[in-house]
Novice: 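Just passing along the structure, written as structure tokens.
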Amino acid sequence: MSVELPLLGESASVEFANTLYGEFDFLADPETARSWVAEVAPGHIVPEGGLIELRNAVRRVFLAVSAGSALDLADVRLINQCAAAAPSVWQLTSGATAAQTRIGDRVLLATLAEDCVQVVASADVRPVRLCESDDCPLLFVRTHHRRRWCHNSCGHRARQAAYYRRTQA
């Protein structure tokens, strides 16, 4: 079964938070989770556990940032633990250069958690936003102060609905 992933071209952690799309969980099914990882984080392996728990914590943190609320300490602790779960080491390459590489079976979790930390820490004025469309649960990074929707299609539907309300009144 092929499922269309709700990808917006955002950073990996924002796309990760968006894997919970209304009632549909794109990480609940192993095949869909592998498809998502292949699309957003090519070369990474889906870990045995912890992916959904981290996603939920990342999503709650982004929603708190969007609302200007305090972050839940349990979510912060989990994100920090995941970011530290895959150590990095310097390795010599065949070209006689050094490269820093993450190692272990938790590399995907560490990468996503670290990206979440960077998105939240670089927040100028709450850049992570929840789409203002009535029926859209997606998060996005607000790159322009007037941006209100995750995608043009959500904005188009909202403008159409507002026009309909005005003309029917």
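Small disclaimer: the values here were computed from a predicted structure and weren't measured.
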Novice: For a quick test of reading the model, state the closest non-hydrogen atom pair linking Ala70 to Ala64 and the distance between them.
Specialist: O-CB, 3.8 Å
Novice: Looking at Glu39, I want to see if its CD is surrounded by more than 12 non-hydrogen atoms of other residues, nucleotides or ligands under 6.0 Å.
Specialist: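 At most 12 heavy atoms, drawn from other residues, nucleotides or ligands, come within 6.0 Å of this atom.
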Novice: With the side chain counted from C-beta on, respond yes when Val120 and Val128 share a heavy-atom pair under 4.5 Å apart, and no when they do not.
Specialist: no
Novice: Check side-chain contact (heavy atoms from CB on, under 4.5 Å) between Gln81 and all other residues, then give those that pass, not counting sequence neighbours.
Specialist: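 Once residues adjacent in sequence are excluded, the partners of Gln81 under the side-chain contact (heavy atoms from CB on, under 4.5 Å) criterion are Arg77, Leu78.
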Novice: To the nearest 0.5 Å, how far apart are CG in Leu63 and CG in Asp75?
Specialist: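 Answer rounded to 0.5 Å: 10.5 Å.
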Novice: In Å, rounded to the nearest 0.5 Å, how long is the span from CG of Asp115 to CD1 of Ile79?
Specialist: 11.0 Å
Novice: Could you list the residues that satisfy side-chain contact (heavy atoms from CB on, under 4.5 Å) with Val40, not counting sequence neighbours?
Specialist: Leu7, Ala12, Glu15, Trp36
Novice: Just how far is it from atom SG of Cys82 to atom CG of Leu109, taken to the nearest 0.5 Å?
Specialist: 5.0 Å
Novice: Looking at residues at least two apart in the chain, or sitting in another chain, which of them share a side-chain hydrogen bond (donor to acceptor under 3.5 Å, both in side chains) with Glu114?
Specialist: Arg102
Novice: Can you list everything that forms a side-chain contact (heavy atoms from CB on, under 4.5 Å) with Ala33? Sequence neighbours excluded, please.
Specialist: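 Once residues adjacent in sequence are excluded, the partners of Ala33 under the side-chain contact (heavy atoms from CB on, under 4.5 Å) criterion are Leu27.
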Novice: If Ile, Leu, Val, Met, Phe, Trp and Tyr residues are connected whenever their side-chain heavy atoms lie under 4.5 Å apart, and connections chain through other members, are Leu20 and Phe62 in the same group?
Specialist: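 Different clusters: Leu20 never reaches Phe62 through Ile, Leu, Val, Met, Phe, Trp or Tyr contacts under 4.5 Å.
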Novice: Report yes or no: do Leu54 and Ile52 belong to one cluster of Ile/Leu/Val/Met/Phe/Trp/Tyr joined by side chain heavy-atom distances under 4.5 Å?
Specialist: yes
Novice: Under 3.5 Å, side chain of Ser35 to main-chain N/O of Glu31, donor-acceptor pair present?
Specialist: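 Yes, the answer is positive, given that a donor and an acceptor are paired below the 3.5 Å cut-off.
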Novice: Check Ser13 against Val58 and note the closest heavy-atom contact, atom names and distance.
Specialist: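 Closest pair (atom of Ser13, atom of Val58, distance): O-CG1, 3.8 Å.
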Novice: Taking only residues two or more places apart in sequence, or in another chain, which ones meet Arg59 in a side-chain hydrogen bond (donor to acceptor under 3.5 Å, both in side chains)?
Specialist: none
Novice: Could you list the residues that satisfy side-chain hydrogen bond (donor to acceptor under 3.5 Å, both in side chains) with Asp25, not counting sequence neighbours?
Specialist: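 Partners of Asp25 under the side-chain hydrogen bond (donor to acceptor under 3.5 Å, both in side chains) test: Arg55.
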Novice: Hydrophobic cluster membership, with links at side-chain heavy-atom distances under 4.5 Å among I/L/V/M/F/W/Y: are Leu51 and Val61 in one?
Specialist: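 Hydrophobic grouping puts Leu51 with Val61.
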Novice: Going from CG on Leu108 to CZ on Phe16, what distance comes out if it is rounded to the nearest 0.5 angstrom?
Specialist: 7.0 Å
